[in-house]
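The basis for the numbers below is simple: all heavy atoms, side chains too, and nothing from hydrogens, waters or symmetry mates. What you see is a predicted model, and the numbers here were worked out from it, not measured in a lab.
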Amino acid sequence: MAMIGNLTAHQRWIMMAVKGGASSLSFLGSSFIVLCYLLFKELRKFSFKLVFYLALSDMLCSFFSIVGDPSKGFFCYAQGYSTHFFCVASFLWTTTIAFTLHRTVVKHKTDVEDLEAMFHLYVWGTSLFLTVIRSIGNDHRHLGGWCLTPTGRTRKAVQFITFYAPLWGAILYNGFTYYQVIRMLNNATRMAVGMSDRAYQSDGRADKKAMNRWGYYPLILIGSWAFGTINGIHDFIEPGHKIFWLSVLDVGTAALMGLSNSIAYGLNSSVRRAIYERLDQVWPESLRRWFPGSLKSRGQFQESELVSLRIEDQH
């Protein structure tokens, strides 16, 4: 068998299968969120619009990971750079969501909708800039089903600068931002309990559910790219010596980022309620007797952890 970086052809095939399967799951998950946004008008609020852009980036990132044909030069470039562009856009959109929560909950600002154009300029402009920088002096090489990143420490350093550095910057920003948001809501909840105000306590319970969800958001990026970062550092230090199990975890967890984002950010109570309400309308009458509560009763969730932001109650 041909050997590249001490990986056999069979091992590379396994990695391709893992990457393809995980990317397909991410494509389906993110496509589902995109479809929900397009079908359900009640979801077309600003905060969920950001989730839509995140899901769209994940969907296209997964799409190019699946359909790219590295056996041909042009498609090798198309796969590599398109995947890089939309993956960068994906984690940048998570920072706009964190910024929106922080500006709304901590700073009590209601002007976030006016910043949508700036968000687009920031995300798409930064993604394009980093992709162009990555392409300078780059020469993607292909082997079988892989469009490999360039060899050489200088080019690998460029990869770190144009992807992993902004990625971990986004992770640190999201973690710090959500920490401030959660601390703010914790303080508000304690004040509500101290005042024994039932209305405030009810809001506090809803906020606590939101806090439990928000606390996991930064972990998605960490879980998706921790193995990739470790693998990249190892490859930089010992080029040509691949660790198979680490490479499998690298491609597998990175490819699942879209699925994780669609579950955490997109599949919230507002989306579930919209789905249950539509299903309740077409649910056969003959089957309702078997489900006394009906699907509609199951859809009576509290407001979404993300869509329930105060900014939407003012429009």
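For F227, the CZ atom is loosely surrounded, since the number of other residues' heavy atoms within 6.0 Å does not exceed 12.
With S23 contributing its side chain and G20 its backbone, the two residues share no donor-acceptor pair below 3.5 Å.
Summarising the geometry, atom CE belonging to M15 is positioned 6.5 Å from atom NZ belonging to K242; distances are rounded to the nearest 0.5 Å. Note that the CZ atom of F99 and the OG1 atom of T104 stand 9.0 Å from one another [nearest 0.5 Å]. Rounding to the nearest 0.5 Å places OG1 of T100 at 9.5 Å from CZ of R103.
You'll find the ring centres of H102 and Y178 outside the 6.0 Å limit. A ring-centre distance under 6.0 Å is not found for F86 and F91.
Under the 3.5 Å distance criterion, with hydrogens and angles disregarded, no donor-acceptor pair is assigned to the side chains of W225 and T253. Of the N and O atoms on the side chains of Y265 and S260, not one donor lies less than 3.5 Å from an acceptor on the other residue.
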**Prompt:** Stepwise, does the side chain to side chain contact (heavy atoms under 4.5 Å, CB included) test hold for S262 with D58?
**Reply:** CA-CA 9 Å; S262 63; D58 284 329; over 6 Å; no

**Message:** Between T96 and Y53, is the side chain to side chain donor-acceptor pair (under 3.5 Å) condition met? List the steps.
**Reply:** CA-CA 10 Å; T96 67; Y53 294 135; over 6 Å; no

**Request:** May I have the step-by-step check of side chain to side chain contact (heavy atoms under 4.5 Å, CB included) for N261 and S30, ending in yes or no?
**Result:** CA-CA 8 Å; N261 283 337; S30 53; over 6 Å; no

**Request:** Just do the side chain to side chain contact (heavy atoms under 4.5 Å, CB included) check on H234 and H241 with the steps written out, would you?
**Result:** CA-CA 9 Å; H234 174 270; H241 180 72; 3.9 Å; yes

**Asked** Taking it one step at a time, do V88 and F163 satisfy side chain to side chain contact (heavy atoms under 4.5 Å, CB included)?
**Response** CA-CA 7 Å; V88 171; F163 187 82; 3.7 Å; yes

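Residue pairs meeting the disulfide bond (SG atoms under 2.5 Å apart) criterion with at least one member in residues 77-125, sequence neighbours excluded, are C61-C87. Listed by first and then second residue, the ring pair (Phe, Tyr, Trp, His ring centres under 6.0 Å) pairs involving residues 17-42 are Y37-F52 (not counting sequence neighbours).
Residues K19 and A255 share a closest heavy-atom pair of O-CB, 3.9 Å. Residue W124 comes nearest to A89 through the heavy atom pair CZ3-CB, 3.6 Å, listed as atom of the first residue, atom of the second, then distance.
Applying the side chain to side chain donor-acceptor pair (under 3.5 Å) test to T131 and every residue at least two apart in sequence or in another chain returns H84. Listed by chain and number, the residues in a side chain to side chain donor-acceptor pair (under 3.5 Å) with E238 amount to none (sequence neighbours excluded). Remark: F160 engages Y164 in a ring pair (Phe, Tyr, Trp, His ring centres under 6.0 Å) (not counting sequence neighbours). Here S26 pairs with nothing under the side chain to side chain donor-acceptor pair (under 3.5 Å) rule; sequence neighbours left out.
For the pair W93/H120, a side-chain contact is recorded, criterion being any heavy-atom separation below 4.5 Å from C-beta on.
Under the 4.5 Å side-chain heavy-atom criterion for Ile, Leu, Val, Met, Phe, Trp and Tyr, L35 and F48 are members of the same hydrophobic cluster. In this structure, Y173 is a member of the same hydrophobic cluster as V106, with clusters built from ILVMFWY side-chain heavy atoms closer than 4.5 Å. Linking ILVMFWY side-chain heavy atoms closer than 4.5 Å, directly or via other members, places F129 and Y122 in a single hydrophobic cluster.
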